J.: 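Handing you this structure, nothing more for now.
All values derive from a computational prediction rather than experimental measurement. Numbering of ligands and ligand atoms starts at 1, following listing order.
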Amino acid sequence: MPRDLESEKATLEGMPPLSKESEAGPPDPTPLYFLPTEVMDPKFKKMKDLHPYSLLLNQEDLDECDWLEHVAFDPHEAASREKLDYRLHVCGELCTGIFTSSYATAPPPLGPLLRSRTFPGIDSSDSDRKKVLLGHIIATKHAAPLVTDASMDFPKDWRQKYQMTPSAGHNEDGQTICLHSLAIHPDFQGRGLGKVLLKGFTQRMRDSGVAKRVALICHERFVAFYEACGYRKVGPSDCTYAGGGWFDMAIDFEGLKDDPDF
Ligand SMILES: CC(C)(COP(=O)(O)OP(=O)(O)OC[C@H]1O[C@@H](n2cnc3c(N)ncnc32)[C@H](O)[C@@H]1OP(=O)(O)O)[C@@H](O)C(=O)NCCC(=O)NCCS
């Protein structure tokens, strides 16, 4: 049927002229960072000036992760640089960083921290603005349902002979994400970053469908923290890493979609 161009012309002529002005409606909600501090939820108030953002990690982040791991953990518990290199290299998609950006002239604690070592730049047109890793999660996948000593290890010949399903280290077919390291820089602990990073990570892992659960080991003093983030205490762990004495914690993704927190 031929188009009725006359009637289309009449319809167009009857329409109001296009304008760049938006129709009057409710104003946009004030962005979180513009809210006066007094009316913000206390949990956001604590991190207000940081404007944190998350990114996946990869081997280019090795220097920063190595630095953070060793300032956050006791030396005998921190993962070695070589182990971090392996994990960032073979499964960076399971590793997340929480960052901020700032200048060496910023007030404490960011300014003094930025003056204490060299941080990578974030903006090629502004070399003074630096990218600061405030926290990270480093993880691998494994076949067992809980973290084991083998999952915490890594194949020493991984550079020469990469295997998809080695007995030690990252197993591409594993259905358990083993969270080996959750670390927030000591200067920024207690501001909600650990919880935000862990919950965001758990949600992303669940939504990506790469595994059925996340498992980790922790000392008893951190059990309450992980429980507050949705993890359940399984019991004493068989892991002997760094002298043992760990508790197994896990979160299963099945049924998690019904949890309003996720
Ligand atoms: C554990 C760690 C990641 C927590 O990060 P954080 O940013 O300081 O924690 P948050 O500020 O997000 O705390 C979130 C909540 O957990 C609580 N919490 C923090 N640490 C806790 C602990 N050790 N035990 C119980 N609750 C804790 C906070 O009070 C807060 O409660 P709220 O939501 O009711 O206010 C951080 O302390 C850290 O990096 N420690 C050193 C490395 C380490 O030991 N990692 C754990 C390995 S198992």
J.: If you measure from the Lys or Arg side-chain nitrogens to the Asp or Glu carboxylate oxygens, is any gap between Arg81 and Asp63 under 4.0 Å?
T.: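 Looking at Asp63 together with Arg81, the answer is yes, because their closest N to O distance falls below 4.0 Å.
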J.: Considering non-hydrogen atoms of the protein only, which is the closest contact for atom 34 (O) of ligand 1, and what is the distance?
T.: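 Scanning the protein heavy atoms, the shortest distance from atom 34 (O) of ligand 1 goes to Lys195 NZ, 4.7 Å.
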J.: Taking atom CD as the centre, does Glu60 end up with more than 12 heavy-atom neighbours from other residues, nucleotides or ligands that are less than 6.0 angstrom away?
T.: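 Open: at most 12 neighbouring heavy atoms sit under 6.0 Å from CD of Glu60.
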J.: Starting from atom 35 (O) of ligand 1, which protein heavy atom do you reach first, and at what distance in Å?
T.: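 Its nearest protein heavy-atom neighbour is Lys46 NZ, 4.0 Å.
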J.: For atom 6 (P) of ligand 1, find the nearest protein heavy atom and state the residue, atom name and distance (0.1 Å precision).
T.: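 Protein heavy atom at minimum distance: Gly190 N, 3.7 Å.
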J.: CG of Leu198 to OH of Tyr231: how many Å apart, nearest 0.5 Å?
T.: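 Nearest 0.5 Å value for the CG-OH distance: 4.5 Å.
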J.: What is the minimum heavy-atom distance between Pro155 and Ala168, and which atoms define it?
T.: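 Minimum heavy-atom contact is CD-O, 3.4 Å.
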J.: Check whether NZ of the Lys or CZ of the Arg Lys131 lies under 6.0 Å from the centre of the six-membered ring of Phe99 and within 45 degrees of that ring's axis.
T.: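 Yes, Lys131 and Phe99 form such a contact.
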J.: Is atom 3 (C) of ligand 1 near the protein, in the sense that some protein heavy atom lies at less than 4.0 Å from it?
T.: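 Flag for atom 3 (C) of ligand 1 set to true, protein heavy atom closer than 4.0 Å.
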J.: Protein non-hydrogen atoms only, distance under 4.0 Å: does atom 12 (O) of ligand 1 have such a neighbour?
T.: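 Within 4.0 Å: yes, protein heavy atom nearby.
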J.: Please identify each residue that fulfils side chain to side chain contact (heavy atoms under 4.5 Å, CB included) with Ser54, with sequence neighbours left out.
T.: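 For Ser54 the side chain to side chain contact (heavy atoms under 4.5 Å, CB included) partners, ignoring immediate neighbours, are Thr96, Ile98, Leu197.
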J.: What is the closest protein heavy atom to atom 41 (C) of ligand 1, and at what distance does it sit?
T.: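 Going atom by atom, the protein heavy atom closest to atom 41 (C) of ligand 1 ends up being Ala72 O, 3.5 Å.
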J.: List ligand 1 atoms under 4.0 Å from Leu193, heavy atoms only on the residue side.
T.: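 Those qualifying, in numeric order: 7 (O), 12 (O).
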J.: For the ring pair Trp158 and His89, is the centre-to-centre distance below 6.0 Å?
T.: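 They qualify: ring centres under 6.0 Å apart.
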J.: Provide the number and element of each atom of ligand 1 under 4.0 Å from a heavy atom of Arg191.
T.: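 With Arg191 as reference, the close atoms of ligand 1 come out as 11 (O).
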J.: Numbering the atoms of ligand 1 from 1, which are under 4.0 Å from a heavy atom of Gly192?
T.: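 Those of ligand 1 that fall under 4.0 Å from Gly192 are 10 (P), 11 (O), 12 (O).
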J.: Does either side chain, that of Asp173 or that of Thr165, offer a donor lying less than 3.5 Å from an acceptor on the other one?
T.: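 Judged by distance alone, the side chains do not pair up.
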J.: Taking only heavy atoms of Ala183, which atoms of ligand 1 are found under 4.0 Å from at least one of them?
T.: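 Those qualifying, in numeric order: 39 (O).
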J.: Considering only protein heavy atoms, which is closest to atom 22 (C) of ligand 1, and at what distance to one decimal place?
T.: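 Nearest protein contact, heavy atoms only, for atom 22 (C) of ligand 1 is Arg221 O, 3.6 Å.
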J.: Do you know the tightest heavy-atom contact between Gln175 and Ala211?
T.: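 Where Gln175 meets Ala211 most closely, the heavy atoms are O-CB, 3.3 Å.
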J.: Specify the protein heavy atom at minimum distance from atom 40 (N) of ligand 1: its residue, its atom name, and the distance to 0.1 Å.
T.: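 Sorting protein heavy atoms by distance from atom 40 (N) of ligand 1 puts Gln189 NE2, 3.4 Å first.
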J.: Distance only, no hydrogens: is a donor on one side chain within 3.5 Å (strictly under) of an acceptor on the other, for His136 and Glu64?
T.: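 Checked: His136/Glu64 side chains show no N/O donor-acceptor pair below 3.5 Å.
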J.: Identify the closest protein heavy atom to atom 16 (O) of ligand 1: which residue and atom is it, and at what distance?
T.: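 Answer, as residue, atom name and distance: Phe225 CD1, 3.3 Å.
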J.: Could you go step by step and tell me if Met205 and Leu94 meet the side-chain contact (heavy atoms from CB on, under 4.5 Å) rule?
T.: CA-CA 8 Å; Met205 290 299 121; Leu94 303 177; 3.7 Å; yes
J.: Within ligand 1, which atoms have a heavy atom of Cys218 less than 4.0 Å away?
T.: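 Ligand 1 atoms under the 4.0 Å threshold to Cys218: 48 (S).
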J.: Which ligand 1 atoms are under 4.0 Å away from a heavy-atom of Tyr226?
T.: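 Here the atoms of ligand 1 in question are 46 (C), 47 (C), 48 (S).
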J.: Could any protein non-hydrogen atom be found less than 4.0 Å from atom 31 (O) of ligand 1?
T.: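 Protein heavy atoms within 4.0 Å of atom 31 (O) of ligand 1 - there are none.
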J.: What protein heavy atom is closest to atom 1 (C) of ligand 1, reported as residue, atom name and distance in Å?
T.: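 For this ligand atom, the closest protein heavy atom is Phe222 CE2, 3.5 Å.
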J.: Could you tell me whether atom 27 (C) of ligand 1 has at least one protein heavy atom nearer than 4.0 Å?
T.: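 Yes.
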J.: If I apply the N/O under 3.5 Å rule, does Gly194 come out as touching ligand 1?
T.: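 Right, the criterion is met.
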J.: When you check the gap from the basic side-chain N to the acidic O, do Arg191 and Asp49 get nearer than 4.0 Å?
T.: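 Answer for the salt bridge query: no.
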